[in-house]
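To keep things clear, I will list the structure first and then write my remarks on it.
Remember, predicted model here, so these are calculated numbers, not experimental data. Atoms considered below: every heavy atom in the structure, side chains included; atoms not considered: hydrogens, waters and symmetry mates.
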Amino acid sequence: MENRQIVSLLARNHPGVLLRIIGLFTRRGFNIDNITAGVTQDKRYSRVTIVVEGDSHVAPQVVHQVMKVDDVKQAVILPEKDSVCCELMLIKVKVEPSERPAIFKAALTYHATVVDVGQHTMTLQATATPNELDELVRDLYSQGILELARTGMTALQAGDGILSLDNPDSPEDLLE
C-alpha cells in the first residue's frame, strides 16, 4: 500500500548539505514529495523533513541512505499518527467588498488569518495539516484562487520524544 512516509533528520548547517542529501535521492531513484529545511534551536544544525510516497520499506531505505552523508547526524522515521505535522499556506482569492464576510468566515472556520486585503482580493495565511489545507483550498476554489504558496510539511515527534544532538554552547547559538 502506498502512503506518505516522513523522515526527519538533523544535519550540520553547512553549505551544500541539502544538495548532497537531494543527490542521494536522485541516484537511488527516490521521489521526494516534499522537503523542508531550516535552522534548529541550535544554529549549528538544520532540521530537514523529507516526505516520500511509498510503502513501509521506503522510509527505512531513505534513513539508511541519508545517514551516509557525513554531515547528517541523526535521522528517524516519524509515523504520521505519532507526530505533529504542519504546513504553512498563503492563498490569495478574488473577492468583491460585498463578499468579504464569507472569506472572513472561511478564515475563522480553518483558523486562518487574513494578512492582506486589496480592492478585489484577500490573502489568507493558514497553518494546519496538509489535509486541512487541502480542505481550505477546496472551499475557496469557487471564490477564485489567484495565487497559492505552500511551504511543505514539517514535523516533530509528538509528546516527549525529541530528535536532539547536544546542548548549544551559548544563548547566541539559539538565535539566527
### Query
Does K81 NZ have over 12 foreign heavy atoms under 6.0 Å away?
no
#### Entry: P60 versus I77, closest heavy-atom pair with distance
N-CD1, 3.7 Å
### Query
Can any side-chain N or O of T40 pair as donor or acceptor with the backbone N or O of Y45 at less than 3.5 Å?
yes
### Query
What are the two closest non-hydrogen atoms of N13 and S46, and how far apart are they?
OD1-OG, 3.1 Å
### Query
What residue among L9, V39, L156 forms side chain to side chain contact (heavy atoms under 4.5 Å, CB included) with R47?
L156
#### Entry: Chi angles and distances behind the side chain to side chain contact (heavy atoms under 4.5 Å, CB included) call for M89, L148
CA-CA 7 Å; M89 178 175 68; L148 183 130; 3.7 Å; yes
### Task
Check A126 against L133 and note the closest heavy-atom contact, atom names and distance.
CB-CD2, 3.6 Å
### Qualifying residues under ring pair (Phe, Tyr, Trp, His ring centres under 6.0 Å), relative to Y110, sequence neighbours excluded
none
### Message
Within the 4.5 Å heavy-atom criterion, are I145 and V93 side-chain neighbours or not?
### Response
yes
### Task
Hey, could you give me the OG1/CD1 distance between T49 and I6, rounded to the nearest 0.5 Å?
8.0 Å
### Query
Does E96 CD have over 12 foreign heavy atoms under 6.0 Å away?
yes
#### Entry: Gap between atom CD1 of I103 and atom CG of L108 - 0.5 Å precision
13.0 Å
### Query
Step by step, would you call R4 with M153 a side chain to side chain contact (heavy atoms under 4.5 Å, CB included)?
CA-CA 11 Å; R4 186 169 33 213; M153 187 189 325; 3.4 Å; yes
### Task
In plain terms, say whether R150 and D134 are close enough for a salt bridge, that is, a side-chain N and a carboxylate O under 4.0 Å apart.
yes
### Message
To the nearest 0.5 Å, what is the distance between CZ on R138 and CD on E135?
### Response
6.0 Å
### Task
May I ask whether V63 and F25 are part of the same hydrophobic cluster, defined by side-chain heavy atoms of I, L, V, M, F, W, Y residues being less than 4.5 angstrom apart, directly or through others?
yes
### Message
So, taking the atom named CD in Q5 and the one named CD in E53, what distance separates them when rounded to the nearest 0.5 Å?
### Response
8.5 Å
## Note on the structure
Between the CZ atom in R28 and the NE2 atom in H64, the distance rounded to the nearest 0.5 Å is 8.0 Å
### Query
Between D71 and R20, is there a salt bridge with N-O shorter than 4.0 Å?
yes
### Cluster link V117 to I91, ILVMFWY, side chain under 4.5 Å
yes
### Task
Give a yes or no on this: more than 12 heavy atoms of other residues, nucleotides or ligands lie within 6.0 Å of atom CG of D139.
yes
### Task
Please report the closest heavy-atom contact between G152 and N34, naming both atoms and the distance.
CA-OD1, 2.8 Å
### Message
Quick one, N3 and E80 - any side-chain contact, counting heavy atoms below 4.5 Å?
### Response
no
### Message
So does K94 get a backbone contact from the side chain of Q143, meaning a donor-acceptor N/O pair under 3.5 Å?
### Response
yes
### Trace of the side chain to side chain contact (heavy atoms under 4.5 Å, CB included) decision for F30 with I50
CA-CA 11 Å; F30 292 122; I50 302 168; over 6 Å; no
#### Entry: Distance (rounded to the nearest 0.5 Å) between T127 OG1 and E132 CD
10.5 Å
### Query
Passes side chain to side chain contact (heavy atoms under 4.5 Å, CB included), L163 versus L78? Steps please.
CA-CA 10 Å; L163 182 60; L78 295 180; over 6 Å; no
### Message
Applying a strict under-4.5 Å side-chain criterion to I, L, V, M, F, W and Y, I'd like to know whether V76 and V66 cluster together.
### Response
no
### Query
Any side-chain heavy atom of V48 within less than 4.5 Å of one from L18?
yes
### Task
Taking all heavy atoms of L140 and all of A106, pick out the closest pair and write down the distance.
CD2-CB, 4.1 Å
### Query
More than 12 heavy atoms of other residues, nucleotides or ligands under 6.0 Å from NE2 of H14: is that the case?
yes
#### Entry: Shortest non-hydrogen separation from L24 to Q65 and the atoms involved
CD1-O, 3.0 Å
